[in-house]
Protein chains: 2
Amino acid sequence: MRDENLVGCRVCGAPLATAVRGRPPVYCSRSCQAKAYRRRAGARGRPAAAPPAAAEPAAHAEGRSRRRRQIAEAVWKIAAERGLEAASMREVAAGAGVSLRVVQYHFGSKHGLLVSALHLLHEENDRRARARMAALDDPEDLRAVLGAVLNEFLPLDEQRRGALRVFVAYYVRSLTDPALAEVFLHASQPVEQLVAGLIRQAGAAPGTDPGREADLLVSGVTGLGMDVLHGRRTLADVRTTLDYHLDRILPAH
Amino acid sequence: MRDENLVGCRVCGAPLATAVRGRPPVYCSRSCQAKAYRRRAGARGRPAAAPPAAAEPAAHAEGRSRRRRQIAEAVWKIAAERGLEAASMREVAAGAGVSLRVVQYHFGSKHGLLVSALHLLHEENDRRARARMAALDDPEDLRAVLGAVLNEFLPLDEQRRGALRVFVAYYVRSLTDPALAEVFLHASQPVEQLVAGLIRQAGAAPGTDPGREADLLVSGVTGLGMDVLHGRRTLADVRTTLDYHLDRILPAH
DNA sequence: GGTTGCTTGATACGACTGTATCAATGATGC
DNA sequence: GCATCATTGATACAGTCGTATCAAGCAACC
């Protein structure tokens, strides 16, 4: 297999400590390696146009977060399609189109990867939800806003469907992983309060408690979405149920 | 290690085919093995009192289902405490106090084990729920019956807490495992209909749709129970919310 | 006595997992 | 030319996983 590498340093001579662990050596010393590098750099000619300007300092940090995000997206994709237990380091690396070592380097351990991916997922979901809210026709129609907030938890399209699957998978993990539970508890508190506020502003029916209504509404829509996920209910049925309850809570349509 | 076993058959002589796979042989043939067995049986003396009566034919089947159940319980326990991904064949065997081979023999494969354990879990939960319903003070108090049905999905005690954890873990698995999804879909349909029927009988407030109320109630109480599981809500808060909605739906307390 | 059947014990295999180790690659500053 | 830095490539290791294989245990029938 490795015929020519068995002899010695590619630049000078032959020491080449034969370490059995890790990547097999090709040079006898760092300086010989530098020599070889400069030779290659010279043969490649000068870089296209802006060699001295170099990359601005922000580029490093940006490239880093982009890579982390790219890897996290692979975690989401695998978790949505085949479950979190299929998201091994190697599968994630392959899904992101990077090497195993890169995943190790950027997240330290598998646990770190899972926690970071959940963090990024929460941010991403918030971003998307806000974008959809901003795209509403009439932001003054509070009932429509309320419906949009609740619809965010239903598998209406492939994106939300995947998000819900990943969310549920992570939830189950969090039951036996305190670090993941932490992320859940510190992230998604204000949903019920938002819904309760909307109900209050939109004019709830007399005698209704917006807070209690919001509690059942949010947890209920999540449960209904889970039912849709594995085919126990149809999406149309869930939307009808939801409409019924919105009509009930906000009679002044 | 195996000093004396290297020579030959314990009864007659020496052939002893040296198979490298599986359990190392000790006898040269089945008949020699039978001889050794009969010798041991003779030395042990006659069994206590009822040797010829033998075991009735049903004992076999009963012993089998008992063993299956014992192993399934180990699956539930592990899944509740450390998640379904911790339920390896070896862990389950250890938890049930049997050998790995016994788990293999009675369930064929890990997938078969998981599916059977889920089946048995559904039966067990039904049994326990019915028992709790039968123990109600006044079976005519329909509101109390309704409350008991819904409370079955809340982690009120260690048993229900574990059941909910296992249930959720299995649900997530079922999203990527059709055989498990099958068990879910064919088992737990009538809950909402039961709740709707109770609401109807108990006298719902005018203008309310018992079916839609039941849908949100059941899915909502499941979601609230999940919130309790990882500490996002307190049990008292959930019960208050539930009481509020029961009062709303059934005003004629 | 020998044979057959169901059940269990005692290994073994190959695949995969998370992680660790060592070196090469570029780039920058001296 | 040399040292140093963050990043990536190329392995290797120890362990666990599900499963397969062969034989022993035990009871029943012939």
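Proteins come first, then strands; the chains are lettered A, B, ... in the order of their sequence lines, and each starts at number 1. Computed over heavy atoms, backbone and side chain alike; hydrogens, waters and symmetry mates excluded.
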Figure out the CZ/C1' separation between A:R10 and C:dA23, and round it to whole Å. 12 Å
A:Y37 side-chain N/O to C:dA27 phosphate OP1/OP2 under 4.0 Å: yes
Candidates D:dC17, C:dT19, D:dA28 - which lies nearest the side chain of B:R38: D:dA28
Got A:D227 and B:F184 here, is their nearest side-chain heavy-atom distance under 4.5 Å? no
Separation of B:R21 atom CZ from C:dA12 atom P, in whole Å? 10 Å
Between the base of D:dG25 and the side chain of B:R30, is there a donor and acceptor pair under 3.5 angstrom? yes
Going by an N to O cut-off under 4.0 Å, is there a salt bridge joining B:R69 and B:E73? yes
Looking only at the side chain of B:V26 (C-beta and beyond, no hydrogens), which of the listed nucleotides D:dA24, C:dT19, D:dC17 gets closest? D:dA24
Let's test your reading of the model: under 3.5 Å, does the base of D:dG25 pair with the side chain of B:R23 as donor and acceptor? no
Check A:E124 with A:R128, please: is the shortest side-chain N to carboxylate O separation under 4.0 Å? yes
Euclidean distance, atom NE2 of residue A:H111 to atom P of C:dT17 [Å, nearest integer]: 18 Å
Check this for me: does the side-chain of A:R101 come within 3.5 Å of the base of C:dT21 through a donor and an acceptor? yes
Classify the side chain of B:Q33 and the base of D:dA23 as holding, or not holding, a donor-acceptor pair under 3.5 Å. no
B:S88 side chain N/O closer than 4.0 Å to the phosphate oxygens (OP1, OP2) of D:dT16? no
Looking at B:S99, I'd like to know whether one of its side-chain N or O atoms comes within less than 4.0 Å of OP1 or OP2 on C:dG9. yes
Give the rounded distance in Å between these two atoms: CD of A:E85 and C1' of D:dG18. 14 Å
Starting from P on D:dC17, measure out to CD1 on B:I78 and report it in whole angstrom. 10 Å
From the candidates C:dA24, D:dG25, D:dC2, the one with an atom nearest any side-chain atom of B:Y27 is D:dG25
Quick one: does B:V11's side chain get under 4.5 Å of B:R39's, heavy atoms only? yes
From CG of A:L100 over to C1' of C:dT19, roughly how many Å is that when rounded to an integer? 9 Å
Would you mind telling me which residue lines up with the more 5' stretch of DNA chain C, B:R90 or B:R67, judged by nearest nucleotide? B:R67
Comparing B:E91 with B:Q104, nearest DNA chain D nucleotide closer to 5' gives the residue B:E91
For atom CE of A:M89 and atom P of C:dT17, their distance in whole Å: 11 Å
Okay, side chain of B:S174, backbone of B:D177: is any donor-acceptor separation there less than 3.5 Å? no
Round to the nearest Å and state the distance from A:H106 atom NE2 to D:dA6 atom P. 13 Å
